[in-house]
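Comments concern the structure below.
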Amino acid sequence: TKRKKFDRKLAIIGDILRSKRLELSLEKDQRIFLEDRISKGLLEESSISIETLKNIENGKTMPTLSTLKVLSVALEVDFHELIDKIYEYI
């Protein structure tokens, strides 16, 4: 398989989202974070997969607007504020 070229902007978006997640959780594990958000009623089990979250945080995937909306709820951040933080990297 061909390796994707590193995209600095995707990496920055991933770093921003990861730092927001870590502000809410002492756990570094994405799975534990998602389980916590589901148990608190902030996410449905099918809202976002662990693989999607990992790929976004690792700068491999550009999140869609709908995924960003889900993440804003999970991260307890206003959607517009989240978009403002990452806008210049989209």
Side-chain angles (χ1 to χ4, degrees):
T1 7
K2 195 173 184 180
R3 180 172 257 185
K4 275 181 96 173
K5 183 180 168 190
F6 176 76
D7 187 324
R8 188 180 71 73
K9 289 182 178 184
L10 284 179
I12 292 170
I13 291 170
D15 288 343
I16 291 168
L17 294 171
R18 181 183 309 105
S19 70
K20 288 289 181 194
R21 176 177 60 81
L22 292 174
E23 285 175 17
L24 283 176
S25 175
L26 296 176
E27 294 290 336
K28 292 185 179 179
D29 186 276
Q30 291 105 333
R31 183 177 312 280
I32 293 171
F33 173 74
L34 290 179
E35 288 170 358
D36 176 68
R37 303 287 90 185
I38 290 166
S39 73
K40 289 187 170 144
L42 295 171
L43 289 179
E44 298 289 325
E45 283 194 42
S46 61
S47 296
I48 186 169
S49 73
I50 186 68
E51 290 305 315
T52 298
L53 182 57
K54 284 181 180 181
N55 285 336
I56 291 168
E57 287 188 358
N58 291 328
K60 295 179 181 177
T61 303
M62 174 66 75
T64 63
L65 279 176
S66 59
T67 299
L68 287 170
K69 182 66 175 165
V70 166
L71 287 172
S72 72
V73 172
L75 295 169
E76 301 179 39
V77 175
D78 179 74
F79 177 67
H80 295 105
E81 287 177 29
L82 183 60
I83 295 298
D84 285 346
K85 278 201 174 301
I86 67 169
Y87 184 78
E88 68 182 281
Y89 308 108
I90 297 177

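Please read these numbers as outputs of a predicted model, since none were measured by experiment. Keep in mind that the numbers below use all heavy atoms, side chains included, and drop hydrogens, waters and symmetry copies.
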The single option from Leu24, Leu22, Ile50 passing side chain to side chain contact (heavy atoms under 4.5 Å, CB included) against Phe33: Leu24

Does Ser19 use its side chain to pair, donor to acceptor, with the backbone of Ile16 at less than 3.5 Å? yes

hydrophobic_cluster_shared for Val77 and Leu65, side chain cutoff 4.5 Å: yes

First locate atom CD1 of Ile90, then atom CD1 of Ile12, and finally report the distance between them rounded to the nearest 0.5 Å. 12.5 Å

Shortest non-hydrogen separation from Pro63 to Ile56 and the atoms involved: CB-CD1, 3.7 Å

Same apolar cluster: Ile32 and Ile38, side chain cutoff 4.5 Å: no

Tell me, with the steps shown, if Thr61 and Thr52 meet side-chain contact (heavy atoms from CB on, under 4.5 Å). CA-CA 8 Å; Thr61 303; Thr52 298; 5.7 Å; no

About how many Å separate CG of Asp29 and CD of Glu35, when rounded to the nearest 0.5 Å? 8.0 Å

The reported gap from CG in Leu34 to OG in Ser25 (rounded to nearest 0.5 angstrom) is 10.0 Å

Between Lys20 and Glu57, does at least one N-O distance fall below 4.0 Å, as a salt bridge requires? no

Nearest 0.5 Å please: distance from the CG atom of Leu71 over to the CG atom of Leu43. 8.0 Å

Check whether Arg21 reaches the backbone of Lys28 with its side chain - one donor and one acceptor, N or O, closer than 3.5 Å. yes

Rounded to the nearest 0.5 angstrom, the OH-CG distance for Tyr89 and Asp7 is 12.5 Å

Ignoring hydrogens and angles, tell me if any N or O in the side chain of Asp78 forms a donor-acceptor pair with the backbone of His80 under 3.5 Å. yes

dist Ile86:CD1 -> Asp15:CG (nearest 0.5 Å) comes out at 12.5 Å

side-chain contact (heavy atoms from CB on, under 4.5 Å) evaluation trace for Asn58 with Arg18: CA-CA 9 Å; Asn58 291 328; Arg18 181 183 309 105; 3.5 Å; yes

Do Leu82 and Leu42 belong to the same hydrophobic cluster, where Ile, Leu, Val, Met, Phe, Trp and Tyr are linked whenever their side-chain heavy atoms lie under 4.5 Å apart, directly or via other members? no

In terms of heavy-atom contacts, does CD of Glu45 have more than 12 from other residues, nucleotides or ligands at under 6.0 Å? no

